[in-house]
There are 6 protein chains.
Amino acid sequence: MDLLTPSLKNLLDLWLNEDIGRGDLTSITLNKSNASAHWVAKEKGIFCGGFIIKHLFERVDGSTDIDLLIKDGESFLPDQKILKLKGNASSLVAGERTALNIAMHLSGISTATAALVAELNGTDVQLADTRKTTPGLRILEKYAVRCGGGINHRLGLDDAAMLKENHLAWTKDISTAINSIRMSAPWTTKVIVEAETTEQAKEAVLAGADAILLDEFSPEELHKIVPQLRELAKKASSHNGSGQIILEASGVNPNYLKAYAATGIDLISSSMSITKSSWVDFSMRFDELH
Amino acid sequence: MDLLTPSLKNLLDLWLNEDIGRGDLTSITLNKSNASAHWVAKEKGIFCGGFIIKHLFERVDGSTDIDLLIKDGESFLPDQKILKLKGNASSLVAGERTALNIAMHLSGISTATAALVAELNGTDVQLADTRKTTPGLRILEKYAVRCGGGINHRLGLDDAAMLKENHLAWTKDISTAINSIRMSAPWTTKVIVEAETTEQAKEAVLAGADAILLDEFSPEELHKIVPQLRELAKKASSHNGSGQIILEASGVNPNYLKAYAATGIDLISSSMSITKSSWVDFSMRFDELH
Amino acid sequence: MDLLTPSLKNLLDLWLNEDIGRGDLTSITLNKSNASAHWVAKEKGIFCGGFIIKHLFERVDGSTDIDLLIKDGESFLPDQKILKLKGNASSLVAGERTALNIAMHLSGISTATAALVAELNGTDVQLADTRKTTPGLRILEKYAVRCGGGINHRLGLDDAAMLKENHLAWTKDISTAINSIRMSAPWTTKVIVEAETTEQAKEAVLAGADAILLDEFSPEELHKIVPQLRELAKKASSHNGSGQIILEASGVNPNYLKAYAATGIDLISSSMSITKSSWVDFSMRFDELH
Amino acid sequence: MDLLTPSLKNLLDLWLNEDIGRGDLTSITLNKSNASAHWVAKEKGIFCGGFIIKHLFERVDGSTDIDLLIKDGESFLPDQKILKLKGNASSLVAGERTALNIAMHLSGISTATAALVAELNGTDVQLADTRKTTPGLRILEKYAVRCGGGINHRLGLDDAAMLKENHLAWTKDISTAINSIRMSAPWTTKVIVEAETTEQAKEAVLAGADAILLDEFSPEELHKIVPQLRELAKKASSHNGSGQIILEASGVNPNYLKAYAATGIDLISSSMSITKSSWVDFSMRFDELH
Amino acid sequence: MDLLTPSLKNLLDLWLNEDIGRGDLTSITLNKSNASAHWVAKEKGIFCGGFIIKHLFERVDGSTDIDLLIKDGESFLPDQKILKLKGNASSLVAGERTALNIAMHLSGISTATAALVAELNGTDVQLADTRKTTPGLRILEKYAVRCGGGINHRLGLDDAAMLKENHLAWTKDISTAINSIRMSAPWTTKVIVEAETTEQAKEAVLAGADAILLDEFSPEELHKIVPQLRELAKKASSHNGSGQIILEASGVNPNYLKAYAATGIDLISSSMSITKSSWVDFSMRFDELH
Amino acid sequence: MDLLTPSLKNLLDLWLNEDIGRGDLTSITLNKSNASAHWVAKEKGIFCGGFIIKHLFERVDGSTDIDLLIKDGESFLPDQKILKLKGNASSLVAGERTALNIAMHLSGISTATAALVAELNGTDVQLADTRKTTPGLRILEKYAVRCGGGINHRLGLDDAAMLKENHLAWTKDISTAINSIRMSAPWTTKVIVEAETTEQAKEAVLAGADAILLDEFSPEELHKIVPQLRELAKKASSHNGSGQIILEASGVNPNYLKAYAATGIDLISSSMSITKSSWVDFSMRFDELH
């Protein structure tokens, strides 16, 4: 995340308008002074949001200087300085709340992700996110998941195909559905099938799916089905598919991540690091006026 | 919240673009069918978001029918049906994830707010939110706080003035600062002073502030200072101010809300119902194709 | 007004697109030359718009230099130089008309406001604007009113509540209406009641309104009612309201402002400085090509 | 003006956001009631804005019914009903102020234009506007001029070319300037030259200008120069130009319009009906709740 | 393509504003009449654009009726009727040019694609597009390629990764580059390597690329390298990659498509059906006024 | 074309969002390096797009340096260097495809225009474009036509009036139609009549049209009608029109341009240089990393 695309610029503008509205009524007391300030962490965690904060303050006022003391994805301790700011006092105040809000939110996600990822240490299994993200913040929250050590699932409805419960219910058979997708989607598209039963999973493998999302299977069930599916994929490879299949567990119990990881799956996907995380607490402190 | 303003329309568009991107690659399997579906709660809570969900699905496809079975602010139980949908299958799927995401997020906030508000039952003290809101979702999250029984603090930098630590540090005296605001802000503007010490609080009352935000005072300290400030306000009323002062506690320990409430303050403001809440879990289930 | 918010940037873009359209057909005759220019006043008045002009020319072309010779709110005489410009000739011409239009319009409002405010010299009564503003220019026109010595009423429907004729007609009683607002609006919100009769005014005071807008009362009527309302406010203060009430006259005859001011009211609100003002005349003169 | 183009939709949205902001705090008292209302004129004038009002209320709420009782360009008397409205009470209130503001502003322009046009009755001379229009409202204000009986000058910098004082100062000779425009502008473009002296006017005619804007010439001067220019145009027609020339007076004294009209010019252009007009007064009255 | 997403709506608005600008000056002659019209093809081809035309006319005026007589992807003959329209005459004219322009452009692409695809009839090789698309029309032009029987390559920089000449020049080795992408991109991402030499192609296969784009190889060279690469992929499958590799030829000579197809490759990608196509000619004819 | 107007900025943003989407997945391999690159032509042609390329790369990343080696409208040979670039490697790659796409498209139009214009060398007849332009690219494609030596017809529906087949079919007579336009359009507007028969052409001249578009007349027919129309225009000039008439041929056979030019017409308008042109081929080559 190092390019301020036009969409990101628009997002920053939306946020600033939201807070500033028709103008900061209190800023009259600050006018024409320069100030320096810093951010300090009030608890420990993993930092995320440096790039976006930097551009946010610059978008409020191009003459503001921001010095990030920690990189996205690095850990911080309570009382650690996160960044330093210098600029027009009323510009610093105009960006303050919005910048803190996004950084506290994203760092909360990175911190929560890192805690889950730690459970998978020593295994080959990776933790992926889902499309359960806060409306308007998808690419930023997915970036925060990466900063916490997780990986990303598809970004939207348009960069991978996933046949879910409802698609399957409305389809003659999985094979027909996969074929119709392969004919209309870009050839670079992976096709994933969400399976709720062993039968669906097997049918999907035979139909040439690139990946199976095994939803709400227990570690015991996964233990049994995973080798069967891998074997089936090899057999099926002659006529369709690659012989390889990516197996992903979802709907998992967060208390038993290690047990899931031991079943031979490739990935665990979970929305928890976004939907169950809390903001970490940063504070902006002003040093002096010039 | 009953008017779909132009800004809300833009927000819905932003969310839909975020998820749909260049087009739903899986929808080819759904084309041209009609379907009905419903939402079901997987845990208990307070509902929020009916208005926005309704408009979201209609914005995807104007021919979609939505029947809300529960109103914003009402409680629901696990397995309770939340709403029913009827429409083009690919339109329902196109709106599904975004609609669930916003409703689960907002209902999480309403549910968390209701839990805090329950602590204040039987007192006259109200729970208010802060400007710590997720960027892009301020008015919706503040609405969720109201649905949970809380009240709103100022909506942005432009509908009330608040002198905070930094403003005060850069000002000769509180009285000068308040006067400069009163001269430039609309006459309808309330001026609030954030006080971290008893001295600041008293100076602010004498200077004619409309409200004092007492930050990180303990219940014991509040017990002592609240009557003093009210007395001071009455004395001060001859030359400036109304004789009345609104006293608000912030930075409170959530375990002792009742103790704070017993100190004579008017309000407790807390960001917790937003920054520490989890999403409640809803699921969209498809009934049948037509 | 010292921060170019995203909304203001969009407004400048809208204006420029409006005048430039698909491109200035005459600019071919100016290409690649640098020029300096200045603005001169053709009549006397109060200046307003320096901030917005500066950003407008910079938005056309970031390399343009603008030197404001007079501050917003200051008076100017016929033939006085207002500002100096230096830059690419075609950029200066591209911004010329739009910049002059907004400055002439806003300075017209400031000038008209100052004339009304002069009538109130020596009194404690202030002149406020209303929501009668040219669509698209609200915050700029309200800023122009301040530059002319007036103060602002609420900025929109969302920063103060006002019960007007129609709200009252549809409400059981004023007290119920005020209470329902107090329960749903931010606690920082002032509630104003527009009264057309003495009875309504009294009912509103008793119901705890923060301010009464006395519409189309004569100075004689105001003389009589003002002390009654202040007395009532004090009596009412034990159970609701602060004991203080802000009293505002609207629908006034501009020829008798002094008479209104002598009645004990706090404010006179009038749309006249916006709806009845004329543009002041500035001219942009080019000095030389380089 | 009968097509709601995308730009007009955006303009309506901008206006509504400006007034409604984060939501109408008073509308809680109106919720869920239907109402009917009408507009009444408080003075006489020429109406303008029916089209835009209609779409504005519909954009607030698609279920609102508007019945225009008078067409754009028609005159109205004091106390005359202008339109009737029926719809959700809070939707009517949400659009009320903005709709009144634009209609009062535009009708003020139409009314002022009609007064000037009346001076020219019985002559062949038409009254045209200029590019001195309120930023953001150009096409609407120019439409209001037409409703008042005036005609429009060019709409922006891109639909006709005009060589003004500064272009001329920077150009070797008028002929070169006109030729460079003719080579780069669409062939449909008319080229107008603003002349401040008789010499410039003659040079422009000889150079093949389509029209001459005679700036700040007295009626006496015009009397003398107009026939000379027409004669010159005929002579020049062999090699460039059509033999015909449009002659326009600007910078005129509004008290002597008839005298200008008698000089043989084709047009008088004046910004007065926009820059010196006052809003006409309409009032929206609510009839009843349903 | 059956969902009018917010981005598509914005695109339609942009196009309409571009043509209509400040308003159709000729429409005054059409006002208030209803008309019916139809489109007729003036040459043969493959149709594309029905969906977008339909929404374009509806966006101009919601009351317009459009009856598409041919589906996207179907062929048409000279003089064949394409669609019928009924509605307000000035609305039909307002949308006419823009609708024809997009349909003629897209149908030109479908037609050109179909001609290339016909060359590949009887082979298993598919024709894919590239990112060489007209700015602003990517998803529509890629849809036109599908309507002509081609398939799509990646849609943008964000739905598949492709290591091109320059990335490779700046990378230690292909394996490192692929790994760094696999760690930061969603796990659903395919990684493609553009190879200009046999050595690069082999290195890429061994490094676990999902696909190789063989750029400017002759049919003879492909004949030799394709089986080698497939063999290598199988060998490599034990440690990385799936054993399967997608092989794509680019920079091909359009005169020898069949020869390329006979080399064992999976895909031919070519920008020709977009960059070398001509518009097909449709005409809109008005039937009658009502 | 030397001013980056707000609309052009928005267009650049739209294009960049289209290609970059949620972020360049391959750019991870380029991060933090600086690079230089150049563009080289792979065939000969006329260049167009320097201005827009420059701003496109700067909009991606303000620190990029672009050095244009050739001006818009100049010819280039195969292997000629077009421009040089220096900047952050991932920024160069982010803008590469979009910049090439627009420049190759526009230069294709300039090149095709120049070939047609060459046919008219030695005559006084000019080649004009039409409103058949790619949606979203009108002003750029029209600029490309000028760079190729052509001239522009009207830019949209709002800068000139043209009575076409359908308008005429719905009109009592041409004279009435022209008069109604002259009364509602700006006085600067030229009125053109599209004539498909000699009778229509004559009626239009007598009715005072400024120009006649003679559609699908053969050179022989034009030879006969042109002098008749010019004669008629002179006769008609006493009561309406200028005596002069612009005569334009459209629907011409491109193989006989010289024959059309010899008929005495003023202009030939053709959409061919846009609708039948191919992109010219440029390649961006990276020099080195720093």
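Within every chain, numbering begins at 1; the chains are lettered A, B, ... in the order of the sequence lines, protein sequences first and strands thereafter. All values derive from a computational prediction rather than experimental measurement.
Along residues 150-161 of chain A, the residues that come nearer than 4.5 angstrom to chain E, judged on non-hydrogen atoms, are A:Ile151, A:Asn152, A:His153, A:Arg154, A:Leu155, A:Asp158, A:Asp159, A:Ala160 in order of number. Using a 4.5 Å heavy-atom cut-off against chain A, the contacting residues of residues 120-135 of chain E are E:Ala128.
Annotation for E:Lys190 and A:Trp187: closest pair NZ-O, 3.7 Å, computed over non-hydrogen atoms.
More than 12 heavy atoms of other residues, nucleotides or ligands lie within 6.0 Å of NZ in E:Lys258, so this atom counts as buried by the packing criterion. In this structure, A:Glu165 places its CD atom where only 12 or fewer heavy-atom neighbours from other residues, nucleotides or ligands lie under 6.0 Å away.
Between chain A and the options E:Leu267, E:Thr189, E:Asp266, the largest number of non-hydrogen pairs under 4.5 Å is found for E:Leu267.
Within the model, atoms CZ of A:Arg146 and CE of E:Met183 stand 12.0 Å from one another, a figure rounded to the nearest 0.5 Å.
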